[in-house]
Amino acid sequence: MADPQPQLEVLAEAARINGAAAEATLSGGELAWRPAAAGGEGKERRLELESEVLGCRVEGRKLRVATFSTNSGGGGKGGGGDGNRRRGEVVLEMESDDATARWADAIRDRLASFGRPKRLLIIVNPYGGKRSGRSIFQNEVLPLIEATGILYTMQETKHRLHAQEIAHSLDLRKYDGIVCVSGDGVLVEVVNGLLQREDWETAIKVPLGIIPAGTGNGMAQSLLHAAGEPFSISNAVFAIIRGHKRALDVTSVVQGKTRFFSVLMLTWGLVADVDIESEKYRWMGSARIDFYVLLRVLNLRRYNGRVLFVPAPGYEEVGEPVEQSTSCKQNGVSTGSHEDKADDRNGSTSGYPGPSIQEADLEWRSLNGPFISVWLGNVPFASEDVMAAPKAEFADGYLDAAIIKDCPRWDVMGLMVQLKDGAYVNSPYVEYFKVKAIRIEPGLRVGRNAKGGIIDSDGEVIARADEPEHLMAYGPPIQLTVDQGLATIFSPRSR
């Protein structure tokens, strides 16, 4: 049984609020006031401290309460009536300095009781997306953080994998969380850095936060959408300030002795080709994706290969059964178990060894190609406007697989349009199911131009035909195994 919450003192006294005489009350987690005019019969205003207040500061007899509210009932200056939160302020002018100090201490004690973080490391990627990470931090993140009184250290990334290096060597005792002002790639780097540490079991429980400042921003959109919150930078910041957390699945991606960890998605086929090959049209802006989708549909590629998987309960009839002799380690795939550790992307064998083989060596099934697209999602959104895995959950222990095999050319175009709301998974041309583990055996394109393809994880190329400089090779099997709820991430509380 949980310990009972301490009884909070109820404060009530006359004050001037936003310049008008009023009777103010602080009871539980709520600040309320009623205008003293007209015999105290004016409309009562209320502020929920947990969900509407950033912090407070004292100026003489004035207590300035910083709010972040829809103003549906709070009445703080700056709120809006359109359902979106905005910064505002409620100014209480008390009758004495002592009264002001007493009310300020009472509000701060209540805010502290909500479990909000006190010290944060904020990693800013100034190069991602539209190179706006630095300005987003200065103009949108910092004002909210400073209003709360949270202590922070800001560090900018200087090169690829810098965030991973920071997380790997960080003194975690100094912080209550690590926040990434970036796209999804920096968050993935931090996860990999934490899991490469000798103290990975403790390190991976440090809460992580994501503030969207990249191209895709799939994790931030997934978290906000799940809580019924509009997608915005300020809502993402406030979710971190409030300190609510949820568990997050982590996927081990292994080929032979090479291993890294993913939290978002992996794609092979059409989506990976569009995502990576359209980079040469970046000068077109956001139109480059639609343009390149059209090019790829006009010259549709199909890839030979095979996908093997351990289905989640309820999906045991997908595909065909695999002979029991086909084990998890066949064809050079290592599970990353304690008995046979794979190297991480920096060649180290220390840190998290990956899920044990007992979790993955189950009843395997398979789908044979050719494939148009293979998409594996850990969270619902791949980017702000692409819901690739509408049934995905953050900590269910499964990846959501969406596989397109045989599909007429122009129906493929229709499916791409339906990615916005996830409706494409209802098409008869899409095989959508959940897996505990999955192994991709990628092959060459069908037809005379028999080239290999691209495998893309969390927005980065991990394997590409005829390009040996990538983390993994195109052709040998790549296996993904889910570790349920391994990481922790700051998350908005559902409305």
Side-chain angles (χ1 to χ4, degrees), residues 49-59 64-70 76-80 84-91 104 107-108 111-112 114-158 162-163 166-167 170 174-187 189-190 206-215 217 219-221 223-224 229-245 384 489-492:
L49 299 184
E50 193 281 325
S51 61
E52 296 183 287
V53 172
L54 295 167
C56 65
R57 60 190 174 91
V58 173
E59 291 182 356
R64 297 186 177 274
V65 179
T67 63
F68 191 58
S69 170
T70 61
K77 298 177 184 176
N84 292 318
R85 287 194 183 96
R86 292 181 176 86
R87 287 190 66 195
E89 186 177 63
V90 175
V91 182
I107 290 175
R108 289 171 183 148
L111 293 175
F114 300 139
R116 293 184 172 187
K118 297 179 178 64
R119 301 167 300 173
L120 293 173
L121 174 68
I122 302 177
I123 300 175
V124 177
N125 177 10
Y127 306 108
K130 298 178 180 178
R131 297 180 176 266
S132 57
R134 188 178 292 131
S135 64
I136 286 173
F137 172 73
Q138 290 290 341
N139 300 325
E140 301 192 58
V141 178
L142 197 53
L144 292 173
I145 293 292
E146 289 184 333
T148 67
I150 292 174
L151 303 177
Y152 69 92
T153 300
M154 189 276 278
Q155 187 165 354
E156 290 188 357
T157 56
K158 305 298 184 185
H162 190 195
I166 293 169
L170 187 67
K174 295 181 177 180
Y175 302 103
D176 301 319
I178 303 172
V179 176
C180 304
V181 182
S182 65
D184 296 305
V186 169
L187 176 66
E189 287 188 24
V190 169
V206 172
L208 308 176
I210 182 73
I211 296 169
T215 302
N217 305 314
M219 183 63 74
Q221 173 67 309
L223 291 165
L224 290 166
E229 295 277 0
F231 179 85
S232 73
I233 292 168
S234 57
N235 280 343
V237 178
F238 195 47
I240 293 165
I241 289 170
R242 292 174 72 183
H244 302 302
K245 309 170 191 72
E384 180 183 344
I489 193 161
F490 288 114
S491 173

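Note that the structure is a prediction, hence the values are computed from the model and not measured. Any value given below was found using the heavy atoms of this structure, including those in side chains, with hydrogens, waters and symmetry copies removed.
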*To the nearest 0.5 Å, what is the distance between OG (S234) and CG (L144)?*
6.5 Å
*For I240 and I210, work out which heavy atoms get closest and say how close.*
CD1-N, 4.0 Å
*asked:* Within the structure provided, determine whether N125 and C180 are in side-chain contact (heavy-atom separation under 4.5 Å).
replied: no
*With rounding to the nearest 0.5 Å, note down the distance linking CZ in R119 to NZ in K174.*
10.0 Å
*So which heavy atom on V91 is nearest to which on R64, and how close?*
CG2-NH1, 3.4 Å
*Grab the two heavy atoms, one from R87 and one from A147, that are nearest each other, plus how far apart they are.*
NH2-CB, 4.1 Å
*Start with the C-alpha gap between N217 and F231, add the side-chain angles, then the distance that decides, and say whether side chain to side chain contact (heavy atoms under 4.5 Å, CB included) holds.*
CA-CA 10 Å; N217 305 314; F231 179 85; 4.0 Å; yes
*To the nearest 0.5 Å, how far apart are CG in L120 and CD1 in I150?*
5.0 Å
*Can you tell me how far the NE2 atom of H244 sits from the OG atom of S51, to the nearest 0.5 Å?*
8.5 Å
*Using atom types as modelled and distance alone, determine if a side-chain donor or acceptor of S232 lies under 3.5 Å from a backbone N or O of N235.*
yes
*What's the spacing between R116 CZ and I241 CD1 if we round to 0.5 Å?*
7.0 Å
*With I122, the side chain to side chain contact (heavy atoms under 4.5 Å, CB included) member among V181, I211, I178, T153*: V181
*What's the shortest heavy-atom distance between L187 and S182, and which atoms?*
N-OG, 4.4 Å
*asked:* Is it the case that the side chain of Q221 and the backbone of E384 share a donor-acceptor pair, with hydrogens and angles ignored and the cut-off at 3.5 Å?
replied: yes
_Any side-chain heavy-atom pair of F490 and R242 under 4.5 Å_ = no
*Within a strict 4.5 Å, meaning less than it, do heavy atoms of the P492 and L223 side chains meet?*
yes
*Spatial distance of atom CZ (R134) from atom CD1 (I136) [nearest 0.5 Å]*: 12.0 Å
*For the residue pair M219 and I489, establish whether any side-chain heavy-atom pair is separated by less than 4.5 Å.*
yes
*Side-chain contact, heavy-atom cut-off 4.5 Å: T157 with P126?*
yes
_Expected output: side-chain K158 to main-chain E156 donor-acceptor under 3.5 Å_ = no
*I233 and P212: which non-hydrogen atoms are nearest, and at how many Å?*
CG1-O, 3.7 Å
*Can you see which heavy atom on L121 is nearest to which on Y175, and at what distance?*
N-CD2, 3.4 Å
*asked:* I want to check something: taking the side chain as every heavy atom from C-beta on, are V237 and E140 in contact at a cut-off of under 4.5 Å?
replied: no
